[in-house]
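Notes for the one structure printed next.
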Amino acid sequence: MNIDDRTEEALAATKQNPGSPFYPQSDTSKTISTQTGVLEKLRALSINSHVDEMRKTAKNAIHIAGRMALAGQITVFFAGPNTGKTLITLKLIAEAVANGTAGKNVYHINLDDTYEGLITKADIGNRHGVEVLTQNKFPSPNENFAELVAALVKEDTASETVFIMDTIKKFVDVMDKKASSQFMNTCRKLTSAGGSIIALAHTNKNKDGDNKAIPAGTSDVLDDCDCAYVMDIVDEQKVVGGTMRTVEFRQEKSRGPVVQEALYSYTKYDDSDYERMFYSVKLIDGNEADLLRARTALNIERDKDANLIKVICDALKSSSEWIQKDLVIEITNDASFPRRKVHDCLKRWSCPADEGGLWAMSKGPHNSNIFKLNQ
């Protein structure tokens, strides 16, 4: 085959691929006859001339959920049922609140939960600065959210807000292209005014050829968001009291300095204690910046409980182990801490030392909880 034949073959292939960035799309019959024209277009695709702008963007980027969601953007996490999308998202948001990057106006619009689940999320929210909004406040979620966004934009307070939308299918029929597009336009109005959205969405029941989860619905949500990840459970191991799951976040789309992938683990306890599951969430193999952010959030949270932690540790030091009922009575009799706060503190810091835990909890006679200091 001579050079002219190869040129004609390449041009013919381009006509069959109108999405090629190297040729004009307005007139596919017009071809570029010189090699120089192709090189000029190739050079135009380079990021080199934009590197200063990209560096500025990276420097000013504010991460609000690990390094997978940025302030001022629409981020979507796609996952199947029981993957842990709400659990991990809440933990990452809690860390961002503690670090001061998510602000003081974080709202979890929880439209996909049981009554008991709502109570648990509210308990977690009270401790970590996340307000929970429920179905009775959003009887018509799509319309209600549009009204809320319009009011925030008009009031010029949109930039102070972060919304967790749980789940997106409760706001819009993701199989309806027109409705999905209109809904994403509403979300864009908020982020254009400086607000932030993390939307939780579902994946298809069937996976792809590599056994990876696939985003459900039409492509509009993925097309119109700024950043998207698909979550998959990649490992499960039996541990004492439950099963430790490892979840992979795989990037599908990004606009800005976010990671390509991330791994998080959590323990699904046999007694289905959601709060303990929440506190078991931890980053696996993150870079130093990720790990530092997680440690800082942990230290801030521990400082808030410092006085009560000291009292509990002093009590635990006085005996090799304590039954929870007796321990709570001992502490509330000797100190002015509410019983509920003592229970919460005991639960919060009853995890392995490498997860920030201070004492261990195990089951005793008659299903009682036994506590002892970590070694």
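In what follows, residues are counted from 1 in the order of the sequence shown. Predicted model only: the values in this text are computed from it and were never measured.
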Do side-chain atoms of [X] reach the backbone of [Y] as a donor and acceptor pair under 3.5 angstrom?
{"X": "Ser181", "Y": "Lys178", "result": "no"}
{"X": "Thr267", "Y": "Met244", "result": "no"}
{"X": "Ser180", "Y": "Asp173", "result": "yes"}
{"X": "Asn374", "Y": "Cys351", "result": "yes"}
{"X": "Gln237", "Y": "Arg245", "result": "no"}

Nearest 0.5 Å, what's the [atom1]-[atom2] distance between [X] and [Y]?
{"X": "Ser265", "Y": "Ile284", "atom1": "OG", "atom2": "CD1", "value": "4.0 Å"}
{"X": "Glu301", "Y": "Lys304", "atom1": "CD", "atom2": "NZ", "value": "7.5 Å"}
{"X": "Leu316", "Y": "Leu373", "atom1": "CG", "atom2": "CG", "value": "4.5 Å"}
{"X": "His343", "Y": "Thr332", "atom1": "NE2", "atom2": "OG1", "value": "8.5 Å"}
{"X": "Ile198", "Y": "Ile64", "atom1": "CD1", "atom2": "CD1", "value": "4.0 Å"}
{"X": "Arg188", "Y": "Asp224", "atom1": "CZ", "atom2": "CG", "value": "7.5 Å"}

Hey, is [X] close enough to [Y] for a salt bridge, meaning N to O under 4.0 Å?
{"X": "Asp113", "Y": "Lys170", "answer": "no"}
{"X": "Arg348", "Y": "Asp344", "answer": "no"}
{"X": "Asp232", "Y": "Lys207", "answer": "yes"}
{"X": "Glu261", "Y": "Arg250", "answer": "no"}
{"X": "Lys310", "Y": "Asp314", "answer": "yes"}
{"X": "Asp166", "Y": "Lys85", "answer": "no"}
{"X": "Lys212", "Y": "Glu252", "answer": "no"}

Checklist line | For the student: nearest non-hydrogen atoms of Met68 and Val258, plus distance | finding: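 Distance-wise, the nearest heavy atoms are C-CG1, 4.0 Å.
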Check: If you take all heavy atoms of Ser368 and Ile323, which pair is closest and at what distance?
Finding: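 Here Ser368 and Ile323 meet closest at CB-CG2, 4.2 Å.
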Is there a side-chain contact between [X] and [Y] in this structure, where contact means two heavy atoms from C-beta onward sitting under 4.5 Å apart?
{"X": "Val162", "Y": "Tyr107", "result": "no"}
{"X": "Cys225", "Y": "Thr75", "result": "no"}
{"X": "Ile312", "Y": "Phe371", "result": "no"}
{"X": "Ile62", "Y": "Leu70", "result": "no"}
{"X": "Val328", "Y": "Gln324", "result": "yes"}

[X] and [Y]: side-chain donor and acceptor closer than 3.5 Å?
{"X": "Asp223", "Y": "Ser219", "answer": "yes"}
{"X": "Arg43", "Y": "Ser46", "answer": "no"}
{"X": "Glu155", "Y": "Thr157", "answer": "yes"}

Check: Should Leu298 and Leu358 be counted in the same cluster of Ile, Leu, Val, Met, Phe, Trp and Tyr side chains packed under 4.5 Å apart?
Finding: yes
Notebook entry, point to check: Is there a path of hydrophobic side-chain contacts, each under 4.5 Å between heavy atoms of I, L, V, M, F, W or Y residues, that connects Leu200 with Ile233?
Noted result: yes
Take a 6.0 Å sphere around [atom1] of [X] and say whether it holds more than 12 heavy atoms from other residues, nucleotides or ligands.
{"X": "Lys363", "atom1": "NZ", "answer": "yes"}
{"X": "Asn206", "atom1": "CG", "answer": "no"}
{"X": "Asp271", "atom1": "CG", "answer": "yes"}

Checklist line | Cation-pi geometry met for Arg276 and Tyr269 (6.0 Å, 45°) | finding: yes
Next item on the list: Compute both the distance and the angle, then confirm whether Lys253 meets the cation-pi test with Tyr229: under 6.0 Å from the six-membered ring centre, within 45 degrees of the axis.
Entry: no
Next item on the list: Take Ile197 and Leu190 through the test side-chain contact (heavy atoms from CB on, under 4.5 Å) and record every step on the way to the result.
Entry: CA-CA 8 Å; Ile197 291 174; Leu190 182 84; 3.6 Å; yes
Quick check on the 6.0 Å ring-centre criterion: do [X] and [Y] meet it?
{"X": "Phe138", "Y": "Phe145", "answer": "no"}
{"X": "Phe183", "Y": "Phe171", "answer": "yes"}
{"X": "Phe278", "Y": "His128", "answer": "yes"}

